[in-house]
K.L.:
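Starting off with a structure, shown below.
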Protein chains: 2
Amino acid sequence: MGKAYNIMAATCPSRTVLHRIGARWTVFIVNALDNRPMRFTELKAHIRGITPKALTETLRAMEYDGLISRTEIPAHPPHVEYALTDLGRSLLTPLRAVREWAESHVPDIERARAQADARR
Amino acid sequence: MGKAYNIMAATCPSRTVLHRIGARWTVFIVNALDNRPMRFTELKAHIRGITPKALTETLRAMEYDGLISRTEIPAHPPHVEYALTDLGRSLLTPLRAVREWAESHVPDIERARAQADARR
DNA sequence: AGATACTGGTATAGAATTTATACCTTCCGG
DNA sequence: CCGGAAGGTATAAATTCTATACCAGTATCT
């Protein structure tokens, strides 16, 4: 059997999937939950610059898509734990690679930008 | 020497790099140019649903960042060829993995969404 | 009892980005 | 001089993201 889904087709369901995993903050959350579950405020502190609204919306969307689980823990004080599901963990490999690419190619990009600026 | 750049820091330059490679249409263009260079209209036809404005802006940004090259070919009729640079090709591995994840996990996501809908 | 702090969020408005749609210019063949 | 292809621009509307402030529940401090 051949390829069932193709990103390049405008109406392919894989488009909505890609749109979600490519959303502004998804890559941060997946990478943050790499080692262990985290609480809302932990995530907010770890992913610097994210607003609580953006964090809430991204977490809700990822939970809806089955990428993370949300568990209310009735301890004192009560808190909420977010963790990757098996599906979410399978996304870790590609998204960690994206993160690592970004972190390791900063000098190349900066050099290219400087050269482009110099040419004009 | 340890890690020089960290995505999680709000002001880290890797943030702007990630912002670019995570931009709406970058993953499509990188995957489209996987096998061979393409012309503007070819890309537009291949990546269904992209508008010419979005395509122009994404190509210009990627050229600025040194990910693709733009070559005007003075043949008859004259046309323009976009190709991945070495740097752009290095992005192919992670972004192809993202594409493949999206294409292969559609059923998992749809199942999760249906379950979430059923629960309410 | 009242003030204060922590957790996990909401609300609202403004700014930035994306999309839709239409149009333009150069080059050429007929 | 008409039409078509290539490679785009222009403009406005829709959508998404960001900044900033606020809120409710529980617990502890005074």
Side-chain angles (χ1 to χ4, degrees), chain A residues 7-12 15-29 32-33 36-65 68-83 120, chain B residues 7-12 15-29 32-33 36-65 68-83 120:
Chain A
I7 276 299
M8 301 298 176
T11 58
C12 182
R15 274 281 174 97
T16 77
V17 171
L18 185 60
H19 196 238
R20 280 294 173 77
I21 71 182
R24 186 82 179 82
W25 295 104
T26 303
V27 61
F28 292 90
I29 292 177
L33 297 179
R36 58 180 180 85
M38 279 197 190
R39 298 191 248 164
F40 187 89
T41 37
E42 270 184 303
L43 283 168
K44 192 155 79 66
H46 196 77
I47 306 169
R48 312 250 283 214
I50 194 170
T51 64
K53 184 166 184 285
L55 183 54
T56 301
E57 284 172 359
T58 310
L59 289 170
R60 295 276 190 276
M62 291 177 70
E63 190 193 1
Y64 180 68
D65 287 354
I68 59 172
S69 62
R70 178 184 184 280
T71 312
E72 294 182 18
I73 296 189
H76 297 291
H79 57 263
V80 179
E81 218 170 68
Y82 292 97
R120 37 158 303 117
Chain B
I7 276 299
M8 301 299 176
T11 58
C12 182
R15 275 281 174 97
T16 77
V17 171
L18 185 61
H19 196 237
R20 280 294 172 75
I21 71 182
R24 186 80 180 82
W25 295 104
T26 303
V27 61
F28 292 91
I29 292 176
L33 297 178
R36 59 180 179 85
M38 280 197 189
R39 297 190 248 165
F40 187 89
T41 37
E42 270 184 303
L43 282 168
K44 194 155 80 67
H46 195 77
I47 305 169
R48 313 253 281 216
I50 195 171
T51 63
K53 184 167 185 286
L55 184 53
T56 300
E57 284 172 1
T58 311
L59 289 171
R60 293 277 190 276
M62 291 176 69
E63 190 194 1
Y64 180 67
D65 286 354
I68 58 171
S69 62
R70 177 184 185 280
T71 312
E72 294 182 20
I73 298 189
H76 298 290
H79 57 265
V80 178
E81 216 169 69
Y82 292 97
R120 33 159 301 118

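This is a predicted model, so every value here is computed, not measured. Protein chains get the first letters and strands the later ones, always in sequence-line order, with residue 1 at the start of each.
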K.L.:
Whole-Å distance between dT16(D) C1' and Arg20(A) CZ?
P.N.:
13 Å

K.L.:
Thr56(B) side chain to Pro52(B) main-chain N or O, any donor-acceptor pair under 3.5 Å?
P.N.:
yes

K.L.:
Closest approach of Tyr82(B) and Leu33(B), non-hydrogen atoms and distance?
P.N.:
O-CD2, 3.5 Å

K.L.:
Would you list the protein and nucleotides 6-8 of chain D atom pairs, both N or O, that sit under 3.5 Å from each other?
P.N.:
{"unit_1": "dG7(D)", "atom_1": "OP1", "unit_2": "Val80(B)", "atom_2": "N", "d": "2.2"}
{"unit_1": "dG7(D)", "atom_1": "OP1", "unit_2": "Val80(B)", "atom_2": "O", "d": "3.3"}
{"unit_1": "dG7(D)", "atom_1": "OP2", "unit_2": "Thr41(B)", "atom_2": "OG1", "d": "3.1"}
{"unit_1": "dG8(D)", "atom_1": "OP1", "unit_2": "Arg60(B)", "atom_2": "NH2", "d": "3.3"}
{"unit_1": "dG8(D)", "atom_1": "OP1", "unit_2": "Arg70(B)", "atom_2": "NH2", "d": "2.8"}
{"unit_1": "dG8(D)", "atom_1": "OP2", "unit_2": "Tyr82(B)", "atom_2": "OH", "d": "2.7"}

K.L.:
For Glu81(A), does its backbone N or O pair with a side-chain atom of Arg39(A) as donor and acceptor, under 3.5 Å?
P.N.:
no

K.L.:
Is it true that a side-chain atom of Arg70(B) and a backbone atom of Ala83(B) form a donor plus acceptor pair closer than 3.5 Å?
P.N.:
no

K.L.:
Taking all atoms of both residues into account, what is the closest heavy-atom pair of Leu59(A) and Phe40(A), and its distance?
P.N.:
CD1-CD1, 4.0 Å

K.L.:
Identify the heavy atoms of Arg15(B) and Arg48(A) that sit nearest to each other, and give their distance.
P.N.:
NH2-O, 2.8 Å

K.L.:
When you match His19(A) and Lys53(A) each to their closest nucleotide on DNA chain C, which lands nearer the 5' end?
P.N.:
Lys53(A)

K.L.:
Is the side chain of Thr26(B) donor-acceptor paired with the backbone N or O of Arg20(B) at a distance under 3.5 Å, no angle test?
P.N.:
yes

K.L.:
With heavy atoms of chain B within less than 4.0 Å as the criterion, where does contact along DNA chain C begin and end?
P.N.:
dT19(C) to dC28(C)

K.L.:
Could you check Ala75(A) against Arg24(A) and say which one's nearest nucleotide on DNA chain D is further toward the 5' end?
P.N.:
Arg24(A)

K.L.:
Please examine the side chains of Arg36(A) and Glu42(A), heavy atoms only from C-beta on, and report whether any two atoms are closer than 4.5 Å.
P.N.:
yes

